[in-house]
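The structure under discussion appears below in the form of structure tokens.
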Protein chains: 2
Amino acid sequence: MNQHSNVRIIPRAGLCETCKVREIAACSVLDKDELARLEAVSKTRTFEPGQAIFDEGEDPRFIYNLTEGTIRLVKLLPNGRRQIVGFNFPGDMMGLATHGFYTCSAEAITPIKVCQFPRQQLLDLLETFPSMKTRLLNIAADELSEAQEQMLLLGRKSPIEKVASFLYRLCQESGRTGDSENEIDLVMGRSDIADYLGLTIETVSRTFTKLRNDEVITLEGNHHVIVNDMDHLEDITEEV
Amino acid sequence: MNQHSNVRIIPRAGLCETCKVREIAACSVLDKDELARLEAVSKTRTFEPGQAIFDEGEDPRFIYNLTEGTIRLVKLLPNGRRQIVGFNFPGDMMGLATHGFYTCSAEAITPIKVCQFPRQQLLDLLETFPSMKTRLLNIAADELSEAQEQMLLLGRKSPIEKVASFLYRLCQESGRTGDSENEIDLVMGRSDIADYLGLTIETVSRTFTKLRNDEVITLEGNHHVIVNDMDHLEDITEEV
DNA sequence: CGCTCATTTGACGCATGTCAACGCGCGTGG
DNA sequence: CCACGCGCGTTGACATGCGTCAAATGAGCG
């Protein structure tokens with residue numbers, strides 16, 4: 001499963017300054033000197049689609065910052081049941097939430113790049129970076145809000161509300177990062193979407209079909225979605 | 001709904017020192033001097049069962065620390081649908097997770113006492129309390145782990161697995177706080193349990209009955225549960 | 001162009017929700 | 001002290017939405 005063996009470890013040399021998530025990641029609050037100290041303990045690593053960055057239950061030796069690509073956070077149950085508890089995009093931190101072990105696995109969906117920090121070294125450094133500690137606290141509070149929203153979705157929404165909510169969130173995210181808020185690329189497959197929304201792939205597929213037939217969305221291939229009626233989509237997220 | 005009007009505001013006078021959650025709450029890491037400064041901005045308030053401490057969507061002016069009693073964190077959907085995203089017990093912080101507004105309501109289940117801090121004053125103080133900021137970061141990370149576990153439960157577990165998981169967690173909590181880990185008091189009603197587990201009250205009731213008939217648990221009244229076979233209960237939490 | 005895997009579509013059954021009635025405990029008032 | 005009503009929980013009958021299983025279609029890629 002976990003193919004840690006053949007990952008490339010890229011030596012760092014003033015890379016933070018040119019980092020693609022320099023402006024949005026947790027380290028964005030650091031000054032040049034602090035950033036240099038952080039960089040001194042960090043490594044850049046790459047993973048291919050399907051590879052695990054870490055596995056649920058492992059000793060959480062590292063904390064990661066995703067700089068390129070998309071990953072899924074996965075929890076497993078006997079019987080092959082799977083729940084995706086979140087998708088991470090560039091700028092997101094992974095591996096902070098633990099109980100003495102990683103509480104979920106992190107798997108690359110696309111080719112990814114991460115910034116890897118030895119956990120204890122990062123936590124030690126954090127004690128000298130008050131601004132970054134505050135930043136992390138805010139990030140954690142935000143993630144908690146998102147998790148609560150997802151609990152509402154999983155516990156009380158119908159399949160069509162779930163899918164609409166999922167698409168609507170991606171649109172907002174897309175809008176915030178400067179891209180068109182009416183077009184989104186789904187880098188994850190239907191089965192990832194199903195395991196994120198607590199549905200089967202068949203139900204996800206049927207729901208996409210229904211949204212297409214109702215002309216709320218247009219599908220160009222399986223991974224590109226155009227939202228024709230954003231207001232209607234928003235209505236569907238909390239249908240009566 | 002929200003009956004803020006008739007709550008009692010109790011003046012503080014060195015109360016932190018005798019606080020019942022002094023050893024477990026986030027403020028436990030503070031020294032005497034720091035505690036005095038924290039206490040200076042705090043108020044103690046009490047609420048009766050059913051009263052809201054704050055409501056979803058409100059301006060998050062305060063952060064709270066629960067010192068006595070039990071509260072539920074609630075999110076609502078049109079159609080009367082409700083999801084309880086968590087229960088809080090003495091020592092828990094409330095109101096940290098926000099997006100510029102409270103992301104859920106907090107309602108007293110039992111009579112409660114809280115310690116109320118003006119949000120910005122607490123955040124300002126936090127900048128001078130590095131140890132408490134670290135503590136809060138750890139607490140937030142823990143809550144995130146719990147939220148992920150709850151997503152797994154809501155998205156992928158069967159009713160009996162959900163109820164068993166719920167009871168099993170309460171037993172562990174009970175064990176950690178020094179009480180018997182085989183007996184628990186359910187302060188919340190069946191409808192709170194249902195809305196926490198993403199089920200209907202009927203299904204919760206039937207599932208309790210099944211666990212009783214299978215002699216996994218014994219019910220003494222509706223609110224006191226004795227676990228007869230903890231290993232069996234644990235097995236049921238992830239049945240194949 | 002053809003293979004493979006992902007996705008879609010269809011048929012079917014069951015688990016869980018819905019609706020309704022009943023029971024029980026508790027507080028209130030006669 | 002008992003009768004009554006109300007809220008909460010339980011139980012039963014029924015319906016249906018979503019999961020399961022199976023087959024067809026389509027997209028991506030060598």
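So that the names make sense, note that chain A is the first sequence line, chain B the second, and so on, each numbered from 1.
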Does [X] make a side-chain N or O approach to OP1 or OP2 of [N] shorter than 4.0 Å?
| X | N | value |
| --- | --- | --- |
| B:N222 | C:dC24 | no |
| B:S205 | D:dT11 | no |
| B:T200 | C:dT16 | no |
| B:T203 | C:dG17 | yes |

Comparing A:G221 and A:K157 on DNA chain D - which has the more 5′ nearest nucleotide = A:K157
Let me know, please, whether A:R206 or B:L199 comes out on the 5' side of the other along DNA chain C by nearest nucleotide.
-> A:R206
Between A:R156 and A:R212, whichever has its closest DNA chain C nucleotide further toward 5' is A:R212
Whole angstrom is fine here: how far is it from [atom1] in [X] over to [atom2] in [N]?
| X | N | atom1 | atom2 | answer |
| --- | --- | --- | --- | --- |
| A:H224 | C:dA6 | NE2 | P | 22 Å |
| A:H223 | D:dG26 | NE2 | P | 16 Å |
| B:D192 | D:dC8 | CG | P | 10 Å |

Please say which of A:I226, A:L167, A:D179 ends up in a side chain to side chain contact (heavy atoms under 4.5 Å, CB included) with A:I184.
->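 When A:I226, A:L167, A:D179 are each tested with A:I184, the side chain to side chain contact (heavy atoms under 4.5 Å, CB included) holds only for A:L167.
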N-O pairing of A:R190 and A:D195 below 4.0 Å | no
Under the 3.5 Å rule, do the base of D:dC18 and the side chain of A:E202 count as making a donor-acceptor pair?
->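 There is none.
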Any chance CZ of A:R61 has more than 12 other-residue heavy atoms, nucleotides or ligands included, within less than 6.0 Å?
->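 Not buried by this count: 12 neighbours or fewer within 6.0 Å.
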With a 3.5 Å cut-off and no angle check, do the side chains of B:E234 and B:Y168 form a donor-acceptor pair?
->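 Yes - a donor-acceptor pair under 3.5 Å links their side chains.
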